[in-house]
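Step one of this worksheet: look at the structure below.
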Amino acid sequence: MADATVIDGKAFAAKLREKVAVEVTRIKSESGVTPGLAVVLVGEDPASKVYVGSKAKQTVECGMESFEHRFDESTDEATLLALIDKLNNDPAVNGILVQLPLPDQIDEQKVLSAIDPDKDVDGFHTTNVGRLWTGGDSLVPCTPFGCSVLLKDFLGNLSGKNAIVIGRSNIVGKPMAALLLAESCTVTIAHSRTDDLPGKCREADIVVAAVGRPEMVKGDWIKPGATVIDVGINRIDAPEKGLNDDGSPKTRLVGDVDYAGAAQVAGAITPVPGGVGPMTIACLLRNTVVACCRQNGLADPGI
Ligand code: GUN
C-alpha cells in the first residue's frame, strides 16, 4: 500500500478559526454583542500554562473578548467556586473553561458541576454529557469534536463503519465514542484491559488513539486503508537530536500511534504535531461562538 494521505489538522484548524472570526464579526454587527471566553488556570503546570496562553491569544485573534484568571497552586476550592459563580452571572462571559488537571485539594468534579452548562464550552458538565448521549443540543468536548470534524471532512458519511476508540477518558474516549455512534458507526471502546487489542484494532475502518502511551499502536494493528486519528501528544527523549546545555537529551513529540509504521498501511492518518492538536482550540473558539448565540437568542452559526 502506498503511504497514507496526511490529514492536515493545522490547515483545517486555521480555516475553522477564519470561519469563527467571520461569525464573530456578524454577531457584533447584528447584535452589538462581543462573544467572551473566560479561562481559569490554577497552579504552575508548564503545559497548562502554554495551553491557556494559546487559548487566550487565539480568542483575541478571532475578535472575541478573553478573560484570564490565574491562581497559585495552593488556592482553595471555595475561592474557585466563588469565581465560577461570578462568571456564571457575568453577561460578558459566554464560555468558561477551567484548565485541568486541578491541584489535589480541589474536587475537580465539584468545580466542573458548578459551571453553568450553557457556558460549559469544554462540554464536561454532566448535563452536557447527558445531552451528547441522548442527541440533545450539547456543547461537545473540543478534542473529540475536532476529531469528528476531521473524519467527516475526509471520509464524508461515516455510517456503518467499524470504529475503535482506544482510551476511555471523560475528556476524549467516552465523548468520541458518543460522537461516532451518533454518526451511525459501530463503535468499540478499547482500553488497557482490552483482550487482543491488536486484533480488535485490525477490524476497524476508523482508529482513534487516545491512550497517552507513546507510539503504542503499531503499523500491523491497522487494517489496510483505515483512517487513523492520533490524539496523543507525548514528549519523548530524542538523543539523536543531541543534548541540551544541561546534558539532558533533546526531546520530540510523538503520538499514540507509531506514525512511520501506520502510515505504510493506513489510507489516511493525522500527524503529531499538526493533526488533532490545533483542532482543539479552534473547536473551543467555535463552541464559545455557539454558546454566545444560544445565550443571546441569535441564529445558530452553523459552523
Ligand atoms: N486539560 C487537558 N485537556 C483539556 C481540555 O480539553 N480542557 C480542559 N479544561 N483542560 C484540559
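Just so you know, these numbers come straight off a predicted model, no measurement behind them. Whatever order the structure lists ligands and atoms in, that order sets their numbers, starting from 1.
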Hydrophobic cluster membership, with links at side-chain heavy-atom distances under 4.5 Å among I/L/V/M/F/W/Y: are Val254 and Val276 in one? no
Considering only heavy atoms of Leu97, which atoms of ligand 1 have at least one such atom less than 4.0 Å away? 9 (N)
So between Val40, Asp45, Val39, Leu100, whose heavy atom ends up nearest atom 10 (N) of ligand 1? Leu100
When only distance counts, is Asp122 in polar contact with ligand 1, meaning an N/O pair under 3.5 Å? yes
Counting non-hydrogen protein atoms only, what is the nearest one to atom 11 (C) of ligand 1? Give residue, atom name and distance. Gln99 NE2, 3.5 Å
Salt bridge Glu23-Arg26, side-chain N to carboxylate O under 4.0 Å: yes
4.0 Å heavy-atom contact, Tyr51 with ligand 1: no
Near Val98, which atoms of ligand 1 are under 4.0 Å from a heavy atom of that residue? 8 (C), 9 (N)
Nearest-0.5 Å distance, OG of residue Ser66 to NZ of residue Lys57: 12.0 Å
What I want to check is whether the side chains of Lys119 and Gln295 have a donor and an acceptor closer together than 3.5 Å. no
Does Val140 offer a backbone N or O that forms a donor-acceptor pair with the side chain of Asn287 under 3.5 Å? yes
Tell me whether Phe124 has any N or O atom under 3.5 angstrom from an N or O of ligand 1. no
What I want to find out is whether Arg252 reaches Glu240 closely enough, with some N-O distance under 4.0 Å, to be called a salt bridge. yes
